[in-house]
A.B. asks: 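Please read through the structure below; I'll follow up with questions.
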Amino acid sequence: MKPANALLEQTGTTIFTIMSALAQQHGAINLGQGFPDTDGPADVVQAAAVALLDQRNQYAPLTGLPELRTAVAAANQRFYGLDIDPTAGVVVTSGATEAITACLMALLNPGDEVVLIEPLYDTYLPVVTMLGATAKLVRLTPPEWALPREALAAAFSPRTKLLLLNSPMNPTGKVFSHEELSFIAELLRAHDAYAVCDEVYEHLVFRGARHIPLMTLPGMAARTLRIGSAGKTFSLTGWKIGYVSGAPALMSLVAKAHQNLTFASAPNLQRAVAVGLSKSDAYFAALADELQERRDILDSGLRRLGFKTLATDGSYFITADFSGLGFDGDDVAFCRTITTQAGVAAIPVSAFYVGAAPSHYARFAFCKRPALLEEAIARLERWRASQTLTTTA
Ligand code: PMP
Ligand code: GLN
């Protein structure tokens with residue numbers, strides 16, 4: 001038989017699925033794949049349940065239900081002062097994952113160049129490649145994850161069509177500063193390029209940091225597509241409702257990409273997310289505060305065990321340097337070992353890089369109940385003690 005799609009034949013199963021399967025197989029606490037261990041707000045879940053029962057279960061409109069598009073536009077205004085047209089400036093998708101693909105489809109032609117920043121989320125590169133575009137990778141390096149300005153500027157060329165920016169960033173927990181965003185905006189203007197902004201962690205930002213959408217910077221509104229995710233904002237990752245906001249001229253193309261991908265997403269979930277986005281500021285503040293407490297529990301526990309944890313200002317994740325633990329092996333071996341032997345799963349940070357990568361960092365998710373985080377630390381502590389015994393025996 002003729003070979004099927006060459007790119008997909010070369011693409012492995014995502015690291016999140018691999019580590020979750022291993023965690024399940026070994027009864028490990030899953031601090032690998034990023035998902036909360038409790039459901040989001042009861043009123044939002046209730047709204048979805050009620051919405052299932054009132055006879056509006058046929059196809060939603062292509063760009064999303066009007067009540068959700070209105071809620072997305074209002075949230076853009078409330079949180080960032082962004083003026084988004086609820087009719088022509090919003091497209092609702094099946095998760096941010098679809099939104100990312102739809103935005104890339106909307107903007108890219110074969111031969112275009114796309115600037116991507118490593119460590120990068122796993123769907124970016126395969127989609128860029130599948131669309132016939134060329135990725136120009138720029139690398140952030142731990143422990144600072146500083147933006148390498150010269151390298152970033154050098155990655156742009158007359159063929160650059162867009163930059164894909166993830167802030168707050170997975171897995172680093174970096175929240176790009178106004179100064180960094182200004183530098184990026186200048187490059188986009190100078191090269192007449194677009195930005196696709198993956199802002200799924202926009203509301204998961206901790207004290208001392210502030211999320212600034214690139215779209216709010218001068219001249220960026222017309223060239224930026226901004227992506228949000230109800231999964232993250234309402235701790236309901238299985239719902240897979242995402243939304244893209246942008247200028248109508250670009251959004252009409254995002255809508256056409258979406259019509260070929262899924263056409264429309266579940267109407268009851270869309271209605272419930274509209275309820276969620278209309279919640280008071282107190283909800284959004286409490287979401288971040290609660291997550292910050294969990295970050296701090298995991299951070300101090302990992303430090304007590306000898307990990308060097310890196311600062312994280314947003315997202316679900318802590319990156320931890322395990323080289324102080326005396327483990328003999330790389331990050332993939334380390335994450336597999338703690339999953340199978342300690343009963344705690346994590347994600348090797350090298351999975352977010354292409355080619356040679358830092359290999360002594362693991363990503364731990366802290367979007368879990370405090371008791372579960374404590375239990376994970378206790379398990380790692382027992383494993384570590386048994387390691388020491390084995391080594392000295
Ligand atoms: N972008 C980033 C950076 C993510 O971490 C995730 C998810 N976990 C997504 C996109 C996908 O979001 P969704 O689940 O809404 O598809
Ligand atoms: N975004 C999640 C993470 O980084 C995983 C989502 C997925 O498994 N596709 O852990």
Side-chain angles (χ1 to χ4, degrees), residues 11-24 29-37 40 64 68 72 91-104 116-128 140 145 164-176 196-205 211 213 225-245 258 261-262 265-266 269-270 272-273 276-277 291 312 314-319 335 339 345-353 361-368:
T11 304
T13 300
T14 157
I15 187 71
F16 308 117
T17 297
I18 290 174
M19 293 314 295
S20 283
L22 196 66
Q24 199 159 22
I29 295 174
N30 194 350
L31 305 188
Q33 192 179 29
F35 59 91
D37 61 339
L68 179 52
V72 170
V91 171
V92 176
T93 57
S94 293
T97 306
E98 189 208 337
I100 293 160
T101 298
C103 290
L104 294 172
L116 296 176
I117 301 178
E118 289 179 287
L120 80 182
Y121 188 59
D122 70 338
T123 70
Y124 299 169
L125 185 57
V127 175
V128 166
L140 305 190
W145 308 116
L164 206 172
L165 183 68
N166 176 212
S167 180
M169 190 180 186
N170 177 6
T172 65
K174 178 183 174 78
V175 179
F176 283 71
V196 173
C197 293
D198 177 347
E199 301 184 4
V200 298
Y201 299 107
E202 61 184 319
H203 293 295
L204 311 182
V205 173
H211 171 59
L225 293 170
R226 197 178 90 75
I227 298 169
S229 166
K232 309 292 172 344
T233 299
F234 302 106
S235 310
L236 294 161
T237 59
W239 280 19
K240 301 297 286 187
I241 298 291
Y243 23 88
V244 187
S245 306
H258 170 64
L261 287 166
T262 58
S265 308
L269 301 181
Q270 292 196 46
V273 172
L277 283 175
L291 201 58
T312 187
S315 83
Y316 283 154
F317 310 113
I318 286 182
T319 299
C335 290
T339 305
I347 302 285
V349 169
S350 62
F352 296 84
Y353 285 89
Y361 292 93
R363 188 198 81 173
F364 291 88
F366 49 80
C367 46
K368 308 288 179 185

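None of the values given here were measured: they were computed from a predicted structure. Ligands are counted one by one from 1 in listed order, and the atoms in each one are counted from 1 as well.
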A.B. asks: When rounded to the nearest 0.5 angstrom, what is the spacing between CD1 in Ile241 and OG1 in Thr93?
C.D. replies: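 Rounded to the nearest 0.5 Å, the CD1-OG1 separation comes out at 7.5 Å.
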A.B. asks: Does Lys232 make a cation-pi contact with Phe35 (under 6.0 Å, within 45 degrees of the axis)?
C.D. replies: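 Judged by the rule (NZ or CZ under 6.0 Å from the ring centre, within 45° of its axis), Lys232 is not positioned above Phe35.
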A.B. asks: To the nearest 0.5 Å, tell me how far Glu98 CD sits from Cys103 SG.
C.D. replies: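 It comes to 9.5 Å.
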A.B. asks: Would you kindly specify which portion of Lys240 sits under 4.0 Å from ligand 1, judged on non-hydrogen atoms: side chain, backbone, both or neither?
C.D. replies: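 It is the side chain that touches ligand 1; the backbone stays farther off.
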A.B. asks: Which residue and atom name correspond to the protein heavy atom nearest atom 11 (C) of ligand 1, and how close is it?
C.D. replies: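 Nearest protein contact, heavy atoms only, for atom 11 (C) of ligand 1 is Thr97 OG1, 3.3 Å.
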A.B. asks: For ligand 1, does Met169 get within less than 4.0 Å through its side chain, its backbone, both, or neither, judged by non-hydrogen atoms?
C.D. replies: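 Neither part.
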A.B. asks: Just how far is it from atom CD of Gln33 to atom OG1 of Thr14, taken to the nearest 0.5 Å?
C.D. replies: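 Output value for this atom pair is 7.5 Å.
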A.B. asks: Is the side chain of Thr312 donor-acceptor paired with the backbone N or O of Phe317 at a distance under 3.5 Å, no angle test?
C.D. replies: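 Side chain of Thr312 to backbone of Phe317, a donor-acceptor pair under 3.5 Å: yes, one is there.
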A.B. asks: If you have a sec, work out which protein heavy atom is nearest atom 12 (O) of ligand 1 and how many Å separate them, to one decimal?
C.D. replies: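 Sorting protein heavy atoms by distance from atom 12 (O) of ligand 1 puts Ala96 CB, 3.4 Å first.
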A.B. asks: Need the ligand 1 atom indices (1-based, order shown) with element for anything under 4.0 Å from a heavy-atom of Val200.
C.D. replies: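 Matching atoms, with element in brackets: 1 (N), 2 (C), 4 (C), 10 (C).
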A.B. asks: For atom 8 (O) of ligand 2, what's the nearest protein heavy-atom neighbour? Residue, atom name and distance, please.
C.D. replies: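 Of every protein heavy atom, Gln33 NE2, 2.7 Å lies nearest to atom 8 (O) of ligand 2.
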A.B. asks: Show the atoms of ligand 1 that are less than 4.0 angstrom away from any heavy atom in Gly95.
C.D. replies: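 Result: 15 (O), 16 (O).
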A.B. asks: Consider side chain to side chain contact (heavy atoms under 4.5 Å, CB included). Of Tyr361, Phe352, Trp145, which one does Thr172 pass it with?
C.D. replies: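 The option that passes is Trp145.
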A.B. asks: Can you report which non-hydrogen protein atom sits closest to atom 6 (C) of ligand 2, along with the distance?
C.D. replies: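 Its nearest protein heavy-atom neighbour is Tyr121 OH, 3.3 Å.
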A.B. asks: Give a yes/no on ligand 1: does Tyr201 have at least one heavy atom closer than 4.0 angstrom to it?
C.D. replies: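 Tyr201 counts as a contact of ligand 1 under the 4.0 Å cut-off.
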A.B. asks: Below a 4.0 angstrom heavy-atom separation, can you tell me which part of Asn170, side chain or backbone, both or neither, approaches ligand 2?
C.D. replies: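 Side chain only.
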A.B. asks: To the closest 0.5 Å, what do you measure between CZ (Phe16) and CG (Asp122)?
C.D. replies: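 Reported value, rounded in 0.5 Å steps: 4.5 Å.
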A.B. asks: Look up atom CG in Asn166 and atom OH in Tyr201, then write down how far apart they are to the nearest 0.5 Å.
C.D. replies: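 So the CG of Asn166 and the OH of Tyr201 are separated by 7.5 Å.
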A.B. asks: Can you find an N or O of Phe317 that's nearer than 3.5 Å to an N or O of ligand 2?
C.D. replies: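 No - when backbone and side-chain N and O of Phe317 are compared with those of ligand 2, no distance drops under 3.5 Å.
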A.B. asks: Taking all atoms of both residues into account, what is the closest heavy-atom pair of Val205 and Pro168, and its distance?
C.D. replies: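 Scanning both residues, the minimum pair turns out to be CG2-CG, 3.5 Å.
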A.B. asks: Which of the listed options, Ser167, Gly228, Ser229, Gly231, holds the heavy atom that is closest to atom 15 (O) of ligand 1?
C.D. replies: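 Nearest option to atom 15 (O) of ligand 1, by heavy atoms: Ser229.
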A.B. asks: If you measure only the distance, is there a donor-acceptor pair under 3.5 Å linking the side chains of Thr97 and Lys240?
C.D. replies: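 The answer is yes; a qualifying pair exists.
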A.B. asks: Measure the distance from atom 1 (N) of ligand 1 to every protein heavy atom, then report the residue, atom name and distance (to 0.1 Å) of the closest one.
C.D. replies: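 Result: Asp198 OD2, 2.6 Å.
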A.B. asks: Of the protein's non-hydrogen atoms, which lies at the shortest distance from atom 8 (N) of ligand 1, and what is that distance?
C.D. replies: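 Protein heavy atom at minimum distance: Lys232 NZ, 2.3 Å.
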A.B. asks: Using a 4.0 Å heavy-atom cut-off, say whether Arg363 meets ligand 2 through its side chain, its backbone, both or neither.
C.D. replies: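 It is the side chain that touches ligand 2; the backbone stays farther off.
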A.B. asks: Between Asn166 and ligand 1, is there a nitrogen or oxygen pair with a distance under 3.5 Å?
C.D. replies: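 No, no N or O pair falls under 3.5 Å.
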